[in-house]
Q: 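Quick one: the structure is below, and I'll ask about it shortly.
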There are 2 protein chains.
Amino acid sequence: MRIPSFRRALWLAVALLPAAPMVASAQAKTDSVAIRRIYDEALTRGESYENLRYLTGQIGGRLSGSASAEQAVQWGKTTMEKLGLDRVYLQEVMVPHWVRGAKEKAQIRADRGKGVALNVCALGGSVGTGGKLRAGVVEVQSLAELAALPAEKVKGKFVFFNRPMNPRYVETGRAYGEAGDQRRSGAAAAAKRGAVGALVRSLTLAHDDFPHTGTMRYEDGVVQVPAAALSTNGADELSQLLRADAALTVELEMSCQTLPEVKSYNVIGEIKGAKYPEQIISVGGHLDSWDLGQGAHDDGTGCVQSMEVLRLLKATGLRPERTVRAVLFMNEENGVRGGTKYAEVAKQNKENHLAAMESDGGGFTPRGFNIEAAPAVVRKIQAWQPLFVPYNSGQFVVGHSGTDIEPLQDQVKALIGYDCDSQRYFDIHHTAADTFDKVNRRELELGGASMAALIYLLSKYGL
Amino acid sequence: MRIPSFRRALWLAVALLPAAPMVASAQAKTDSVAIRRIYDEALTRGESYENLRYLTGQIGGRLSGSASAEQAVQWGKTTMEKLGLDRVYLQEVMVPHWVRGAKEKAQIRADRGKGVALNVCALGGSVGTGGKLRAGVVEVQSLAELAALPAEKVKGKFVFFNRPMNPRYVETGRAYGEAGDQRRSGAAAAAKRGAVGALVRSLTLAHDDFPHTGTMRYEDGVVQVPAAALSTNGADELSQLLRADAALTVELEMSCQTLPEVKSYNVIGEIKGAKYPEQIISVGGHLDSWDLGQGAHDDGTGCVQSMEVLRLLKATGLRPERTVRAVLFMNEENGVRGGTKYAEVAKQNKENHLAAMESDGGGFTPRGFNIEAAPAVVRKIQAWQPLFVPYNSGQFVVGHSGTDIEPLQDQVKALIGYDCDSQRYFDIHHTAADTFDKVNRRELELGGASMAALIYLLSKYGL
């Protein structure tokens, strides 16, 4: 691309006028000036990117119960204390403590020839294999297909769940949701049919060698069998080899285990509302992450953006009229204990929660917000949408908000999910590739700015 | 992020309904089905990503006049011939042949201490230094500041243009346009004041060590002095050292030169219109690139997307009613000879051109289209916008289209620029980092699909 000529520059100037009807009222003009200040601060002096660099580089992956999760708690507290907030505190919560263990490998053993290594990782919560576990493999596309198989086809084998995410959906999250039952419930379903374990195609639209971990659940009264994710390349290879030799075996060895629960914390920072301090607006991400990568996009970005919301309000002098809390939730990935605890404490203390926002879809270019609220409340929030159009962040739709704030649903008027571009998220989600270098500074800072802008309006006008 | 629970899935389903008013007419329904077919084909069997892998990996950077540019011409022709089009041909065009040469380095020499290496690259079109060129440095923020300096401050020195791109703009292209005069005209302006060369801060919002090349122009009758880009880190360091020691010198050595012009080609593939073959719609990108990287986002992506438009129309059986041409333009970067020639030949042959589209802003997640046309034509195109909303590609605004199609402006009813997310583009633009690994498959294929969808509507309805 070349530099536009003068004529081009004119076109550009026209193109950059807001596409939406001009905001007319003096009120809206004041808001638009305030929002411009927030974006200016974020784009010129934003701190979330450097905060994320520290969290991912110096602390790294931080699964609930791990030493690095506790380091992250201390980091979150210290970082917020430096912001000069009205209050920074920890909220105690007991969390599961699952550990991957040192051994995690698999290979395909066909009748002839040597073994073919498979890229695998244990699904979070899986039991270990107790040494090497070798068995035949039956491939299915769904839980329903498994249920319909004759018992002898399944008994003593690995069930290999190989349904890919649907690439036709423009929103990758939809494909993730639809394919996720295999990961979540595959092992329990396999065990019920007498299988010895579950091998699950990674939940991603990428074709590569990274296995994607993620949480899975056992069922009461059903034997617990090990469950592993295969990289998509590995799953394709296994499927191909199975077509050539249905009697091949897979040898899986995983030393993962669940240890006793551990005390951990949500990290909370607060700016007291100037007019209505009793009304609380929360904005958060989750501080824990899976252990394989650095937890950059999932969900380091949501944490640093949430803290940045407070910093932006302070730095711009836009003192909120209602109380704004940044919450770094512990244990979203494998338990939602932090989100659950936060809502419990809010209810116990009879706190007055107005709204909650979460950023947990990565730190990509903003699009807008997903709103869960009564229709009249949705319309009220959507009325602010024109203010976000100049920032390409004006997609205000009804949709999924966030897992950590969901437990608050009966106490708030609105749950709001920060929404950003979703194309790259599942390429790296829950893998060793979820690292700082995948995050773009401007995309991240723009996200924090759009979150801060909406939080500011909520704090000014209520709902 | 976890898998949404069932309740979440319901929310998601609601969220994914088109936000725009439902398209009501039977016509629009037919169009919406056709567009869905285009996207399905692109998202499940898209070929542009693998085409780009070949172009960038096997051919690489391809500056006009180079051997690799000629390889790219042959590759474009062969690749389109495999698509079973009605016609594939080359259009001859003479192009400049500037070469970087083997030597390209610089260092800062302060009075005391050893030299500090500076990351530099020659700007495209620059003369070489003829051995080592050592001189003092005067830093300015603008051409105007240079013009106002007393002669003795400039004479015999390097003029160091250090105005950064403005990070406040949400659209990075706007900041690029505004800062670009330093690169384009800096050397000529410096020479007029008696300077020996120009050092220009790279046009990027990133803070790193990559120098960004790009075209610059000399003026008739003004002595030609060498011009180099400094990485932003290098520019910051030079500025800092200058504040400590205004008498420091920079030693620059560049062996770049301009060789005689070379014969090259635009590569053109065509599907004849079923009803109105004489009416032509062009869609293109530019085949040449700067030499430092692989020319992935600039503009390999535009080339493979333009070819993919034809492939998608063929594969979906959506035979266009008007003629659709994919054009891989030669020499956008340092001359626009290909775009100029294409428009000249169109006029000479009295071709009937309806519209032209270009993709030259990278292969990032689609947003929509920038339109240059009379207001009534803009409105006609904007009427199709609801069809693109479900694909997050519904931003149809007046704006810059593309450099290669601009010469066609007097022959078409509309010039259209494919518009995609702009946050990452200038991080890598014109650098060694513009490589295949920066391109996301889905982002790229979604772009080709949205281009094909609009080309299909143009070919069906005209303007």
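Numbers restart at 1 for each chain; the letters A, B, ... are given by sequence-line order, proteins then strands.
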Q: Could you check if a side-chain atom of B:Asp421 sits within less than 4.5 angstrom of a side-chain atom of A:Asp421, using non-hydrogen atoms only?
A: no
Q: Considering only heavy atoms, which portion of A:Asp404 lies under 4.5 Å from any heavy atom of chain B: side chain, backbone, both, or neither?
A: neither
Q: Dump the intermediate steps for side-chain contact (heavy atoms from CB on, under 4.5 Å) on B:Val170 and A:Asn392, then the final yes or no.
A: CA-CA 8 Å; B:Val170 174; A:Asn392 278 327; 4.3 Å; yes
Q: How many angstroms lie between atom CD of A:Glu443 and atom CD of B:Gln423, to the nearest 0.5 angstrom?
A: 6.5 Å
Q: Under the 3.5 angstrom rule, does the side chain of A:Arg442 hit a backbone N or O of B:Ser422 as a donor-acceptor pair?
A: no
Q: By a 4.5 Å heavy-atom criterion (distance strictly below it), what part of B:Gln395 contacts chain A: side chain, backbone, both, or neither?
A: side chain
Q: Would you indicate whether the side-chain heavy atoms of B:Asn440 and A:Asp427 approach each other to under 4.5 Å?
A: yes
Q: Between A:Leu205, A:Thr44, A:Thr172, which has the largest tally of heavy atom pairs under 4.5 Å with chain B?
A: A:Leu205
Q: Nearest heavy-atom pair of B:Arg36 and A:Arg168: which atoms, and what distance?
A: NH2-O, 2.7 Å
Q: Is B:Arg424 close to chain A through its backbone or its side chain, or both, or neither, when contacts mean heavy atoms under 4.5 Å?
A: both
Q: For A:Tyr169, which atoms come within 4.5 Å of any heavy atom of chain B: side chain, backbone, both, or neither?
A: backbone
